[in-house]
Structure formats: C-alpha cells, structure tokens
Protein chains: 2
Amino acid sequence: MLKKQLIMEKALELFSEQGFEATSVQQITERCGISKGAFYLSFKTKDELVISMVDYYLQQFIIDVDRVVRGKYNKETILVEFYKSIFQAFKDHSASARVFFNEKVFLTKKELFYKITAYEAEMSKSIIYMLEQLYQDKLQKTKYDVMYCIKGFMKSYAELFIFSDMPLDLEQLAKSLAEKTDIIARHTTIPFITEELVTFIAKPCEQDISKDTLLQLMEQNIDNTEDSIEKESLELLKQEIEKPTYSKAIIKGLIENLRLNPVYHWIAYVCAKYFNI
Amino acid sequence: MLKKQLIMEKALELFSEQGFEATSVQQITERCGISKGAFYLSFKTKDELVISMVDYYLQQFIIDVDRVVRGKYNKETILVEFYKSIFQAFKDHSASARVFFNEKVFLTKKELFYKITAYEAEMSKSIIYMLEQLYQDKLQKTKYDVMYCIKGFMKSYAELFIFSDMPLDLEQLAKSLAEKTDIIARHTTIPFITEELVTFIAKPCEQDISKDTLLQLMEQNIDNTEDSIEKESLELLKQEIEKPTYSKAIIKGLIENLRLNPVYHWIAYVCAKYFNI
DNA sequence: TATACTAATGACTAATCGGTCATTTGTCAA
DNA sequence: TTGACAAATGACCGATTAGTCATTAGTATA
C-alpha cells in the first residue's frame, strides 16, 4: 500500500513535468528507487496506474468540495468558503491539478473519460446543492447556468495557480468570485443550460450507486487493507448492506472510523451516500 | 504548400482521436497516402509539425475574434456577436478545439508553451479592447476581472461543443452569455486581477512586434510563396518597412491583397498592427 | 531520345517502449 | 542452521518509435 502511494506520487511529478505518454515506466521506477519488476507487482499495467491515480487525486478534491458545501457555514460566507477551499486545493496540489485538469490525453482512453466525467458530475451536483441551499426556488430556471459560470470561474482563475507560484491573496480572490457569483445568481434572466442538457453530458455516470457495485467496492477495499479497526468497520458495513441490522448512530460511527484515514475517504463518502447519512 | 496542409489536417484528425504522443508519424503518412520520406520533406521533425499546427489553427481563431471585436457592430449587439463567433468556431472546428484547448501535452514543450501563452495574451488584448469600447472608463478597476470571467464562460460552455455534437441554439447561448457578461461588468465591485498580474502571466510574449522579427517573418513568407499578387504585395510591404514610401491607402490595399488568401491571414494581421491600420 | 533535375519512396537503424520471468535476496518459524 | 515462502530484481523480449538515405519515378528541357 505504501509502495503504491510512493509510485503514484513520483509518477505525478513526472507526468506534471513531461506528460503521461512521454513518461516511461523506467523513469518512474528510477525516481522511486525501485526495480521495474517491483512496479508491476503494484500495478498490472501503466494504464492501471493512471486509473488509480485519477481515483487517488480526484476523490480528495471532490470530497473537500462536498464537505464545504454541506458544512455548517452561514449563507453570507458559504460562497467565500467554497472558493477558498477550491483554490487552496489548487495551490497545495498544483501538480495534480496540472495533470488532471489540463492533460486530457486521458480523454482518449474510454475508461478514464467515463471516470473523469463521473467526477465532474459529482462536482456539479455539489455546486447545485449549494446553490439550492443559498437561493432556494429563486434560482429554478437559471441554477444550471450559474453552476456553469462557477465552473468557468474555477477554470479561468485556476491558471494563476497552475502555471506560476506567485503569492496570491486567497481571501481576496474568494471574496471577489463570491461577489461575482452572487451577482450572476441574482440578475441572470436568460437561461441556456437545462437539466436535460446536464444529464445528457453526464450520461456515462451511474445516477446512484447500486447495491452490487458498492458491495464489490467494499470487497476490493477489504482485500487491500490490513489495519484492524478499518477492516472491521468495512466488514460490518458490508454485512449491513446485505442485511440491515444496526441503528443509524452505529452506522455513522463505523463510517466515521473510515473517514479518519485518508485512504478510506472515498469509500466512507460513498457509504454515507448509500445510507443517507 | 498543399502537402503541408494535407499533413496538418490529417494529423489534426488523429491527434483529436488519440492524442499527440500516441499518434505515430507512420499513422499520419498512411492516412495522407504518402510515404514516410515525404513527410520529412515537409517537416524536419514531428515537433516541427505540431508547432506549425499551433500557428495554422490558432491564428485563424485569434484573427476571427479580433475581426469581430474591431468590427462595426453597435454597442447593443457586439457582445452577442462576439460569443456567436466564438462558439461558431468551436462548432466548426471542434477537432482543433479538442486538440489545442484540451490536450496540454503541448505545455510540457517550452517552445509551444510560449507560443500558446502568446496567443492567449493576444486573445486577452482583444477582449480588453472590446470592454474598453463598450464601457469606457466605467470599468477601470475591474476590466481584467471581467476579461477573466469571459474567458471562464468560454472554457466552461465550450465543453458543450467539444465533447458532443448535439444541436444547440447558438443565438440563445450568445444572448445568455452576453447578458451574464453585461451583468458582471455593471455590478462587480471587488477586483482581483490587476494589470501587473496580467502582464506577469503573459510575460513570455513580446509586447510589440519589432521591425526585425517582422522583416524575418516577411522573408519566410516570401520564400514559401509562388503566387504572383501575394508575393508582390509581400515584397512591396517589406520595402515599405525598411523605407517608408507609400501612402496609407496603398499600404492598406496591399495588406488587403494578403488578407483575401487564408494562407496570409496572419502576416496581414501582423502588418496591419505594425502600420497601425 | 537523351539528359538533368526534383519529388517521392520504403527498407533500414538505433533507441526505447511496456511488459515478463527465471533468479536472487530477505525474513520468518522450526 | 535449515527450509519455506514472499518480495524484489534486472536481463531480456517482441513490438514500435522517430528519423535516414540509397534508390526509383516522374517531368521538363534540349
């Protein structure tokens, strides 16, 4: 597990410097200080590496955004907090941002295209949730347009973090974009993006996690872990999926056990969604 | 010259399908129906091909935008016309948009990074010019932010054209974004992007075309051409750069001769800037 | 027809790629 | 110390790459 992380981190560095196709497995193993054979003990192919990396790096990002959006901020500050956390992430992880937000070689590999589209859709859902909380039904017709504007602001202003490392006032940036977002939300009258359009674009992603895929995901995680508390929590949750037994509090506690360890962030997030917590 | 164009067009198709690194020279020559040797008669290396392609495809785009921005539209419709032409271009040339706006492998090659940054800066200048015409000094503090918002709208809504080919109402889209832009321009009070920031980001690009680089550019174009009118116009303009002789009208006419042929769009654009026409 | 020239070819090279596997190294309990 | 097992190695494989160059095809002039 640690070996996998080491490889993913060094690979990220190299992809960020040279791009995915231009980076060889040899180069990755050299930077890790391991042999070529050791690489293929962790990942079956080079493609499997990049798929794992997409999960590893994008999950954290999505979870961060979702946590802020569903957090206990008041209406005056939620937009500012949202933008602050987004750009803080861009600043702290500019290498992964460079690789996954810019190098879209990935889009030529079908499996990765679906994966990234699914993450994009997840992000869209979080933004829509935030807008609904903020403006309620005042935004019925235009909320998808406002969501697209927010994503546009992110993409445009991200270049400040991705292509240079100058010192920037995150607080000021967040305030500036929060104001712009609020202005757009309050004054826009001509919508263009409809719900149908959004679902059409996000088509490849499953609407909700099915019981079977979740069980499969659990098993994968159980197999890959050796830690005791986390493994036990995973197994109990797996049983709970197959045959509901415990109360909400216990389930929440088990999920919280997982959330404490970054490795299980994603499975915790998916479980919370499945159990409506 | 025709051979070069053929190669660039077929290469664009393949890059759009598979990405740059994943496409071999062999594949390109096969799709062109020429031999490998013939390819290397037109381009010294694979990298030289992609550099030429960036010029070939981005020049057209930049010139289109500049033409609309400096065109004779009235203030009510200029924003709508701007967005219409942008997205019409995305629709008509979705393959090149996919390659050059998404696949940023290019950013790992220094020469291309500078080139693309320079084109980005050119685009920014056009947008700023439009905003100054539209809002005059009402937008002094916030014009760079509004420019970043416009670029964000472009990036965000472009995905509708780049990743699918559903039928979209361009007129409605343009109106929707024009309204959003106008709202932002009128109501934004908290600026973040300063002129210093913009020039810092655009650093690699030369501020103005120097006499020498323009002369060099002219010579290159003269060597590559066989057409009579265009060649004569180029030679006369080159003499004019070295020793001013003719009136503005004559110069404008010579530039117009070039503008008629797509191959000389860029050199015409640069000359017009140099002679302040 | 003969000559001179350019345009085009594709077999070839050296290097590098992703991926494999017989072998070695390290780590336990007995 | 021994034997059993897992972890790690790197020489090796076939395939593919960008780029070269001796050769041929095509064309225009004399």
Side-chain angles (χ1 to χ4, degrees), chain A residues 1-54 99 103 105-106 108-112 222-228 231, chain B residues 1-54 99 103 105-106 108-112 223-228:
Chain A
M1 213 56 178
L2 278 170
K3 179 71 63 62
K4 271 194 180 188
Q5 254 171 287
L6 172 72
I7 293 172
M8 287 195 282
E9 271 159 33
K10 298 300 181 188
L12 180 71
E13 287 175 23
L14 285 160
F15 292 169
S16 156
E17 293 163 15
Q18 316 172 338
F20 170 69
E21 296 277 359
T23 301
S24 68
V25 174
Q26 188 107 323
Q27 283 176 300
I28 296 169
T29 58
E30 271 165 20
R31 187 165 294 197
C32 290
I34 62 171
S35 69
K36 220 168 167 193
F39 173 91
Y40 283 97
L41 288 178
S42 291
F43 300 98
K44 275 204 281 294
T45 64
K46 193 185 170 192
D47 278 354
E48 201 192 277
L49 163 66
V50 76
I51 289 169
S52 299
M53 286 174 69
V54 170
V99 172
E103 175 158 7
V105 178
F106 304 135
T108 63
K109 297 184 194 291
K110 278 229 170 85
E111 190 177 351
L112 278 177
I222 290 170
D223 290 345
N224 280 335
T225 183
E226 289 142 22
D227 313 288
S228 59
K231 191 167 189 142
Chain B
M1 213 55 177
L2 277 169
K3 179 72 63 65
K4 272 194 179 188
Q5 253 171 290
L6 172 72
I7 293 171
M8 288 196 281
E9 273 159 31
K10 299 299 180 189
L12 181 70
E13 288 175 21
L14 285 161
F15 292 169
S16 159
E17 293 162 15
Q18 316 173 338
F20 169 69
E21 296 277 359
T23 301
S24 68
V25 174
Q26 188 106 314
Q27 282 177 302
I28 296 169
T29 58
E30 272 165 19
R31 188 166 292 198
C32 290
I34 62 171
S35 70
K36 221 165 168 198
F39 173 92
Y40 284 97
L41 289 178
S42 291
F43 300 98
K44 273 203 283 293
T45 64
K46 194 184 167 191
D47 278 354
E48 200 191 278
L49 162 66
V50 76
I51 289 169
S52 299
M53 286 175 69
V54 170
V99 172
E103 177 157 9
V105 178
F106 303 134
T108 63
K109 297 182 195 290
K110 277 232 171 84
E111 190 177 351
L112 278 178
D223 290 344
N224 280 334
T225 185
E226 288 143 21
D227 314 286
S228 57

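Every chain is numbered from 1 and lettered A, B, ... according to where its sequence line falls, protein lines coming before strand lines.
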Asker: Answer yes or no: is there a side-chain heavy-atom contact under 4.5 Å between B/Leu49 and B/Ile28?
Answerer: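 A side-chain contact exists here, since the closest heavy-atom pair is under 4.5 Å.
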
Asker: Donor-acceptor pair, A/Ser52 side chain versus A/Glu48 backbone, under 3.5 Å?
Answerer: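 Answer holds: yes.
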
Asker: Between A/Gly37 and A/Gln27, who's closer to the 5' end of DNA chain C by nearest nucleotide?
Answerer: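 Taking each residue's closest nucleotide, the earlier one in sequence belongs to A/Gln27.
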
Asker: Could you check whether B/Thr29 gets within reach of a base, just the sugar-phosphate, or nothing at all, counting any heavy atom under 4.0 Å?
Answerer: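 Nothing: the residue B/Thr29, judged by heavy atoms under 4.0 Å, touches no strand.
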
Asker: Measure the distance from CD on B/Gln26 to C1' on C/dT16 and round it to the nearest whole Å.
Answerer: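 Whole-Å distance recorded here is 16 Å.
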
Asker: Which heavy-atom pair separates B/Gln27 from B/Ala22 by the least distance, and what is that distance?
Answerer: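 Nearest pair, atom of B/Gln27 first, then B/Ala22: OE1-O, 3.6 Å.
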
Asker: Using the heavy-atom set of chain A and a strict 4.0 Å cut-off, write down the first and last nucleotide of DNA chain D that makes it in, 5' to 3'.
Answerer: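 Footprint of chain A along DNA chain D, 5' to 3': D/dA8 to D/dG10.
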
Asker: Starting at CD1 of A/Ile34 and ending at C1' of C/dT24, how long is that distance when rounded to a whole Å?
Answerer: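 These atoms are roughly 17 Å apart.
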
Asker: Taking atom CZ of A/Arg31 and atom CD of A/Glu17, what is their separation to the nearest 0.5 Å?
Answerer: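 The distance works out to 4.5 Å.
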
Asker: Report the residues that fulfil ring pair (Phe, Tyr, Trp, His ring centres under 6.0 Å) with B/Phe39, sequence neighbours left out, ordered by chain and then residue number.
Answerer: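 Counting only residues at least two positions away or on another chain, B/Phe39 forms a ring pair (Phe, Tyr, Trp, His ring centres under 6.0 Å) with B/Phe43.
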
Asker: Do the non-hydrogen side-chain atoms of A/Ile34 and A/Lys3 ever get within less than 4.5 Å of each other?
Answerer: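 Touching, per the 4.5 Å side-chain cut-off.
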
Asker: Keeping A/Lys46 on the side-chain end and A/Phe20 on the backbone end, is there a donor-acceptor pair under 3.5 Å?
Answerer: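 Yes, A/Lys46 side chain to A/Phe20 backbone: donor-acceptor pair under 3.5 Å.
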
Asker: Atom NZ of B/Lys36 to atom P of C/dC12: distance rounded to whole Å?
Answerer: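 Checked: the NZ to P distance equals 13 Å.
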
Asker: Please list, by residue number, the residues of residues 39-48 of chain A whose heavy atoms come closer than 4.0 Å to an atom of DNA chain C; answer none if no residue qualifies.
Answerer: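 Nucleic-acid contacts, sorted: A/Tyr40, A/Thr45, A/Lys46.
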
Asker: With a 4.0 Å cutoff (strictly under), does any side-chain N or O of B/Ser35 reach OP1 or OP2 of C/dA8?
Answerer: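 So the side chain of B/Ser35 is outside the cut-off, no N or O lying under 4.0 Å from OP1 or OP2 of C/dA8.
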
Asker: Are there more than 12 heavy atoms of other residues, nucleotides or ligands under 6.0 Å from atom CD of B/Glu13?
Answerer: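 Enclosed: over 12 neighbouring heavy atoms sit under 6.0 Å from CD of B/Glu13.
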
